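The structure appears below as structure tokens.
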Number of protein chains: 4
Amino acid sequence: MRISERRAKKKREEILKSAIAIVNKKGYEGTTMEEIAAALLMTKGSLYYYFKNKDDLIFQCHNFVLSKAVKDLEKCLRAENGVSASDTLKKMIEIHIYYAFNQKESLNLIIEPKKAYTGEYLEPVLRLRKHYAGLFDEIIERGVTQGEFVVHEPIITRQFILGGLNWVQQWVRPNGRLTIDDIIDLFAYNILKILK
Amino acid sequence: MRISERRAKKKREEILKSAIAIVNKKGYEGTTMEEIAAALLMTKGSLYYYFKNKDDLIFQCHNFVLSKAVKDLEKCLRAENGVSASDTLKKMIEIHIYYAFNQKESLNLIIEPKKAYTGEYLEPVLRLRKHYAGLFDEIIERGVTQGEFVVHEPIITRQFILGGLNWVQQWVRPNGRLTIDDIIDLFAYNILKILK
Amino acid sequence: MRISERRAKKKREEILKSAIAIVNKKGYEGTTMEEIAAALLMTKGSLYYYFKNKDDLIFQCHNFVLSKAVKDLEKCLRAENGVSASDTLKKMIEIHIYYAFNQKESLNLIIEPKKAYTGEYLEPVLRLRKHYAGLFDEIIERGVTQGEFVVHEPIITRQFILGGLNWVQQWVRPNGRLTIDDIIDLFAYNILKILK
Amino acid sequence: MRISERRAKKKREEILKSAIAIVNKKGYEGTTMEEIAAALLMTKGSLYYYFKNKDDLIFQCHNFVLSKAVKDLEKCLRAENGVSASDTLKKMIEIHIYYAFNQKESLNLIIEPKKAYTGEYLEPVLRLRKHYAGLFDEIIERGVTQGEFVVHEPIITRQFILGGLNWVQQWVRPNGRLTIDDIIDLFAYNILKILK
DNA sequence: GATGAATGAGGATTCATTCAT
DNA sequence: AATGAATGAATCCTCATTCAT
């Protein structure tokens, strides 16, 4: 029981990972169950053994990666040592860009949830996204409290910052003139200019 | 001929405008030819007299709006009076947000062109977008030249700024707590903080 | 406009008639859109030009024939001349058996509507059936009023009678020992025995 | 062997009983192997250890119930005490209605066997049904022989009566205005009117 | 120019069935 | 005996596209 359950979970993750790659290449509507199955050398029907339907599968793709990213951000945010808000934020920017870049295939923050998800799946997606965004609110607030940041309308500012960060997936290409670390530095530099 | 040509052109624009409204609401994949036709009290078939196919039509929607936005931006950029770079940029931000707000989907800069457009349509879209972005580069450069802005790596900074601006589409809702004008002010405020 | 409308209606009826034959041979679930289309030398897709979906098509099949039967029964019931209730009823039996026999392919009173129809289609089917049954109630009631019939619990009795009549489709075969007219006579004889 | 055989038989019956309940609720096509298995806390696959395939299983459901009904009818018919044909018939009506009411679908005499059963299963079903009907012929004949009934064309009359009885399935609902016993009385009353 | 009608290529989903373990 | 997993055929339905009139 234990074993088969674990095996099933592993398989589910395997499917998710493969599906994520396809979804991010072709988009939500552009991806077919057929294609996902084929990439795994399975048949369409088998997918339905592991996922209720396409919406479910795609939803779990999104969830899978976003949850991981959230966990990373939270760890960074909860670090107990006396790190300044600026440094924590910079670390968070790094994490975000890491996901957007290395896991581009998996964390599509760009798609509009309302178009991609319906009914029962929409709400959890929105919740998770809100949570994700909230982590940035938290660090901004902390910076303000500690007198490190000066922010007018923090929510709008956070929206602006996240927009800039998300946009990375649209244009950053590996092997560009600048390294990822360069970009992270520049972004952090710009963002701190806004917040100070 | 002349007359009929002109009439056809007018009809084409009429279709575009109606289609844009629908695309804005339902998105690219969510829009059907049927729906576009119905809204104009035409039949599906007739659309094919004016547009080669759906991709063509949607492409032209995008083009139509983006071109108008470009024209607006250019007019603002070319205004000969001695406006400061800051003020010009603020005006440009206003224009962008206006379009992002009112023409949501047809000016969907968030869409990855490589996903949405194929073959003959991809290249013009990319070109126009590059042009659009270039207008922001231009104003930044001007500000730098005139000693008004101080920018490190202007392209990266512009990408960041445009990201923040494009993202507006995803979250600005009419009747929110803040008015569009408030948001424009806040965005300009933040952006100028980066650039100064 | 007139013409094309009329042509469409004719086509719709053509489809219905063909579909009716198939549905009655294979049953509701056993019939596929493919099959219906093939029988008409059309493609599946075309059916959807005329009918919203399978439920709609099947519903209209049922409706088409049942409505005709109802009309026939009503004409017979409303005949102004001083026909006795017995004679009217006999005529109605004849009509019912006529449909069950000659139009066996089309009037399947046997299928359980609740299983075959869903949502929006169930209610009209039930209503029409109730109406059909009501016509028999009417003649029974008339007979009672006129002192011609003596009936205890007319609804139950009518249910019993209609059951016996509907059953005809299960066993009457053309070219049996008895003619249809024989069967009608025998049924009328038995039914009148119940009612008198 | 003996023991395991007996255990298998018991299991088979257990499955049948559970399946019958489901089939009664959802009908032949509406029932899935999955569902039957789930109700028994088994998996789909296991069912195939006990039954060749779905047709087999459903056929045996039908058989199981119909055989029991036949047995009940026969017991009633063979009762040696000097019961009148009328009383025997009334008892048979009671049995039929009891089954029609409680075992709705699995004793679905309304289903056209040729539609539901194929190949090897069709013939036994037809045979059993014929036998079932024959029991009613028998009592009618006995009544005639004993001078209790007067029947013209007994086969047609029996068809009519059985039709009325089978139809019960379609309309009797628990908690109606009349009790089952009321309905049995009324049916018997009407049927005897025909036969006398 | 316009349209009614038809088409056909998919795509999601269901489910009976199989089979290695 | 049982099951988890996989399969594939079948089925409904959508929609861009075509074309004769």
Side-chain angles (χ1 to χ4, degrees), chain A residues 1 3-8 11-12 15 29-37 40-58, chain B residues 4 7-8 11 29-37 40-58, chain C residues 1 3-8 11-12 29-37 40-58, chain D residues 4 7-8 11-12 29-37 40-58:
Chain A
M1 311 294 141
I3 290 175
S4 77
E5 260 174 44
R6 229 183 308 157
R7 201 181 304 162
K11 184 89 191 188
R12 235 188 310 268
I15 295 173
E29 314 244 20
T31 303
T32 70
M33 293 299 268
E34 182 78 53
E35 212 175 347
I36 294 172
L40 290 153
L41 303 178
M42 307 171 89
T43 58
K44 257 188 301 191
S46 308
L47 289 180
Y48 286 87
Y49 183 77
Y50 294 98
F51 299 93
K52 218 174 94 198
N53 53 34
K54 187 183 172 185
D55 268 20
D56 182 24
L57 173 52
I58 303 285
Chain B
S4 73
R7 203 181 301 162
K11 186 89 188 182
E29 312 250 15
T31 302
T32 69
M33 294 298 269
E34 183 77 54
E35 219 174 343
I36 295 172
L40 290 153
L41 304 178
M42 308 170 85
T43 56
K44 263 193 290 194
S46 311
L47 291 180
Y48 287 85
Y49 184 80
Y50 296 100
F51 298 92
K52 219 174 98 196
N53 52 34
K54 188 186 175 186
D55 272 16
D56 183 21
L57 200 164
I58 300 285
Chain C
M1 311 294 140
I3 289 174
S4 76
E5 261 175 42
R6 228 181 309 155
R7 201 180 304 163
K11 183 90 191 188
R12 235 186 312 266
E29 313 243 20
T31 303
T32 71
M33 293 299 268
E34 182 79 54
E35 212 176 346
I36 294 172
L40 289 153
L41 303 177
M42 307 171 90
T43 58
K44 256 188 301 191
S46 307
L47 288 181
Y48 287 87
Y49 183 77
Y50 294 98
F51 299 92
K52 220 174 93 197
N53 52 34
K54 187 184 173 185
D55 268 20
D56 183 23
L57 172 52
I58 303 285
Chain D
S4 73
R7 202 183 300 163
K11 186 92 190 181
R12 231 185 318 264
E29 313 250 15
T31 302
T32 68
M33 294 298 269
E34 182 78 54
E35 219 173 343
I36 294 172
L40 290 153
L41 304 178
M42 309 170 85
T43 56
K44 263 192 292 195
S46 312
L47 290 180
Y48 287 85
Y49 183 79
Y50 297 99
F51 298 93
K52 218 174 97 196
N53 53 34
K54 189 186 174 185
D55 272 17
D56 182 22
L57 199 164
I58 301 285

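Every chain is numbered from 1, with letters handed out A, B, ... down the list of sequences. Because the structure is a prediction, the values reported are computed rather than measured.
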Proximity to the side chain of [X] - top-ranked nucleotide from [options]:
X     : options                : answer
A/K44 : E/dA12, E/dA2, E/dG10  : E/dA12
A/N53 : F/dA6, E/dT13, F/dA1   : E/dT13
D/M33 : E/dA16, F/dA16, E/dT13 : E/dA16

Is there a side-chain polar atom (N or O) of [X] under 4.0 Å from OP1 or OP2 of [N]?
X     : N     : result
D/S46 : F/dA2 : no
C/Y48 : E/dT7 : no
C/Y49 : E/dA5 : yes

Could you measure the distance from the [atom1] atom of [X] to the [atom2] atom of [Y]? Nearest 0.5 Å is fine.
X     : Y     : atom1 : atom2 : result
C/I36 : C/I58 : CD1   : CD1   : 5.0 Å
D/K11 : D/S46 : NZ    : OG    : 8.0 Å
C/T43 : C/E34 : OG1   : CD    : 9.0 Å

Quick check: do B/L57 and B/M33 have side-chain heavy atoms less than 4.5 Å from each other?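 Yes, close enough: below the 4.5 Å cut-off.
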So do D/M42 and D/Y50 actually touch side chain to side chain, heavy atoms under 4.5 Å?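 Yes. Closest side-chain heavy atoms under 4.5 Å.
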Of all the base pairs, Watson-Crick or G-U under 3.5 Å, which form stems of three or more consecutive pairs involving DNA chain E?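 Only these stems qualify: E:2-21 with F:2-21.
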Nearest-nucleotide 5' precedence on DNA chain F, D/K11 against B/G45: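 Taking each residue's closest nucleotide, the earlier one in sequence belongs to D/K11.
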Specify the residue among D/A8 and A/M42 whose closest nucleotide of DNA chain F lies further upstream toward the 5′ end.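 Residue closer to the 5' terminus by nearest nucleotide: D/A8.
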Figure out the [atom1]/[atom2] separation between [X] and [N], and round it to whole Å.
X     : N      : atom1 : atom2 : result
A/D56 : E/dT13 : CG    : C1'   : 13 Å
C/K54 : F/dC13 : NZ    : P     : 8 Å
D/E34 : F/dA6  : CD    : P     : 15 Å
B/E35 : F/dC15 : CD    : P     : 9 Å
C/D55 : F/dC13 : CG    : C1'   : 12 Å
D/L57 : E/dC15 : CG    : P     : 16 Å
D/I36 : E/dC15 : CD1   : C1'   : 12 Å
A/L40 : F/dT7  : CG    : P     : 11 Å

May I ask you to say what C/F51 touches in the nucleic acid, namely base, sugar-phosphate or nothing, with a heavy-atom cut-off under 4.0 Å? nothing
Which pair of heavy atoms, one from [X] and one from [Y], lies closest together, and at what distance?
X     : Y     : value
D/E29 : D/K54 : O-NZ, 4.2 Å
A/I15 : A/F51 : CG2-CE1, 3.7 Å
D/A37 : D/K44 : CB-N, 3.5 Å

Between B/R7 and A/T31, just flag the one whose closest nucleotide in DNA chain E comes earlier from the 5' side.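 Mapping each residue to its closest nucleotide by heavy atoms, the 5'-most match is B/R7.
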